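To keep things clear, I will list the structure first and then write my remarks on it.
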There are 2 protein chains.
Amino acid sequence: MGEQIRVAIVEDDLEIRTHLAMLLENEPEITCKNLFHTVKTALASLNPDTVDVILLDISLPGTSGIEGIPLFREKLPDTEIIMLTIHQQDQFVFEALCAGASGFLTKFTPSNRIISAIKEVHNGGAPMSTKIARMVVSSFRKRTNPNLSKREKEVLNELCDGKSYKMVADALNISRDTVRSHIRNIYKKLEVNSKSEAVAKALKNRLV
Amino acid sequence: MGEQIRVAIVEDDLEIRTHLAMLLENEPEITCKNLFHTVKTALASLNPDTVDVILLDISLPGTSGIEGIPLFREKLPDTEIIMLTIHQQDQFVFEALCAGASGFLTKFTPSNRIISAIKEVHNGGAPMSTKIARMVVSSFRKRTNPNLSKREKEVLNELCDGKSYKMVADALNISRDTVRSHIRNIYKKLEVNSKSEAVAKALKNRLV
DNA sequence: CCACAAACCGCACAATTATGTGATTGTCGG
DNA sequence: CCGACAATCACATAATTGTGCGGTTTGTGG
């Protein structure tokens, strides 16, 4: 498996771009011949047979890096994307993840870490800084601030499966009026006034 | 700053427990004096002033590791929890994350990696294997399988904010009957038949 | 040019939901 | 013992929603 990992760089800053390219070309297991300064030119030139990993600046003139992700993923579905960021607690991290990025590097990452990140992402990993990893992991945490009672949590859970009053009543073996009563109390505690609002709030805030 | 990181181990297998403890005691920056074989005994003995990081077996007799996480987090809110797993693609990874775990180690992780993981989690990171990192990152990916039209996506988005037909209509500057028409089509494509069911499906499957 | 989808609008009727106002029972801590 | 709260159930009424049926207009691609 002497195959080199083919890396492309999409970065508008000439200095950073060429510096990264030289760095990567010096690594025997990596080749980096495709350099672009916009998403548009990159999309026009790249195809699935010529690139394994893209280093993509998160903020680019014209089509931004974030906006570019789905475009790359459509044309190059098997290519991994690593975002280049300046500030690592970037608000765009989650947007990039949702769009399909698999890793993050800051532009000031030491070169050996850049190399290892590229190998890691090509190997099915998700390289990122410790801070970003924690952000990502923390975003899963359930918060159960509104003191819902046990039964109320059960009812809310059923609602989050999209069930009607009647179906919840059957699932919990109580009357529909009781379900309504619980739901009323849930609405008060969550400060909402409809089922879909309650479901939205519960799922978005990970109450269930 | 010469403070050692105080680690506790909750693991029912005596051999693994003592092996880990010896390993950690040999590391100058770490101390590991608190060993337990159940969640219950650990909870009874530990308090916030005596432990920084807990290594917690994911499957324990009695109260499982997963069930133990919220208990530890309640009593020891500032203590970081690293789960010990055997199979890393464990279905329990996401449960553990939701419950509040910050890292994952397999019991066969090389010792230097165990040490670095403990330091990493104590430093605000989230140590985990490349496979788990990718699982976690991939779980953010938006999938937009049901070919919703642009407008339908917009409507679904508004619904996921908990809005009523009227509010959606106002937000998008169209009539309420048009909103209903779009919603009808969304229901067909998502194979649901109520607003809360659509919201639940959209949020759970990351369609929005 | 024609088919088709997307986006728009309307009406009618039934079902579900939201809200108000009750009530009973049991548990728990002060 | 009492107050607070969880959990249960009931009835009534108005609002919202779900669904069937019917349209027009616009843009896109074969």
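All values reported here derive from a predicted model rather than from experimental measurement.
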_Atom pair NZ/CG of A/K201 and A/L207 - distance to nearest 0.5 Å_ = 8.0 Å
*From CG (A/L97) to CE (A/M83), nearest 0.5 Å*: 9.5 Å
How long is the line joining [atom1] of [X] and [atom2] of [N], in whole Å?
{"X": "B/Y165", "N": "C/dC9", "atom1": "OH", "atom2": "P", "answer": "16 Å"}
{"X": "B/K188", "N": "D/dT19", "atom1": "NZ", "atom2": "C1'", "answer": "9 Å"}
{"X": "B/D170", "N": "C/dC9", "atom1": "CG", "atom2": "P", "answer": "12 Å"}
{"X": "A/I183", "N": "C/dA18", "atom1": "CD1", "atom2": "P", "answer": "7 Å"}
{"X": "A/R176", "N": "D/dA12", "atom1": "CZ", "atom2": "C1'", "answer": "13 Å"}
{"X": "B/M167", "N": "D/dA15", "atom1": "CE", "atom2": "C1'", "answer": "15 Å"}
{"X": "A/N193", "N": "C/dT16", "atom1": "CG", "atom2": "P", "answer": "21 Å"}
{"X": "A/K195", "N": "D/dT16", "atom1": "NZ", "atom2": "C1'", "answer": "12 Å"}

*Just say parallel, tilted or perpendicular for the rings of A/F140 and B/F140, cut-offs at 30° and 60°.*
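A/F140 and B/F140: perpendicular rings.
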Is any NZ, NE, NH1 or NH2 atom of the basic residue among [X] and [Y] found under 4.0 Å from an Asp or Glu carboxylate oxygen of the other?
{"X": "B/K153", "Y": "B/E158", "value": "no"}
{"X": "A/E25", "Y": "A/K33", "value": "yes"}
{"X": "B/D177", "Y": "B/R184", "value": "no"}

_B/F36 vs B/N34, test: side chain to side chain contact (heavy atoms under 4.5 Å, CB included). Steps then yes/no._
CA-CA 7 Å; B/F36 308 96; B/N34 286 298; 3.6 Å; yes
*Check against side chain to side chain contact (heavy atoms under 4.5 Å, CB included), A/L159 and A/V208*: CA-CA 10 Å; A/L159 292 189; A/V208 289; over 6 Å; no
What are the atom names and distances for every N/O pair under 3.5 Å that joins the protein to nucleotides 11-15 of chain C?
from	atom 1	to	atom 2	distance (Å)
C/dA12	N6	B/R180	NH2	3.0

*Pair A/E120-B/T130, side-chain donor/acceptor within less than 3.5 Å*: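 Their side chains do not contain a donor-acceptor pair, so the 3.5 Å distance test is not met.
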*Side-chain donor-acceptor pair under 3.5 Å between A/T178 and A/S181, yes or no?*
no
_Taking 4.0 Å as the cut-off, does a side-chain nitrogen or oxygen of B/Y187 come that near to OP1 or OP2 on D/dG18?_
yes
_Using C1' atoms of five pairs at each end, report the bend of the helix from C/dC1-D/dG30 to C/dG30-D/dC1 rounded to 10 degrees._
50°
Would you list the protein and nucleotides 4-8 of chain C atom pairs, both N or O, that sit under 3.5 Å from each other?
from	atom 1	to	atom 2	distance (Å)
C/dA7	OP1	B/R151	N	3.3
C/dA7	OP2	B/S149	OG	2.1
C/dC8	OP1	B/R151	NE	3.2
C/dC8	OP1	B/R151	NH2	2.9
C/dC8	OP2	B/R151	NE	2.8
C/dC8	OP2	B/H182	NE2	2.9
C/dC8	N4	B/S181	OG	3.3

*Are B/R6 and B/T79 close enough, and set up right, to give a side-chain hydrogen bond (donor to acceptor under 3.5 Å, both in side chains), and what steps lead you there?*
CA-CA 10 Å; B/R6 294 157 303 178; B/T79 299; over 6 Å; no
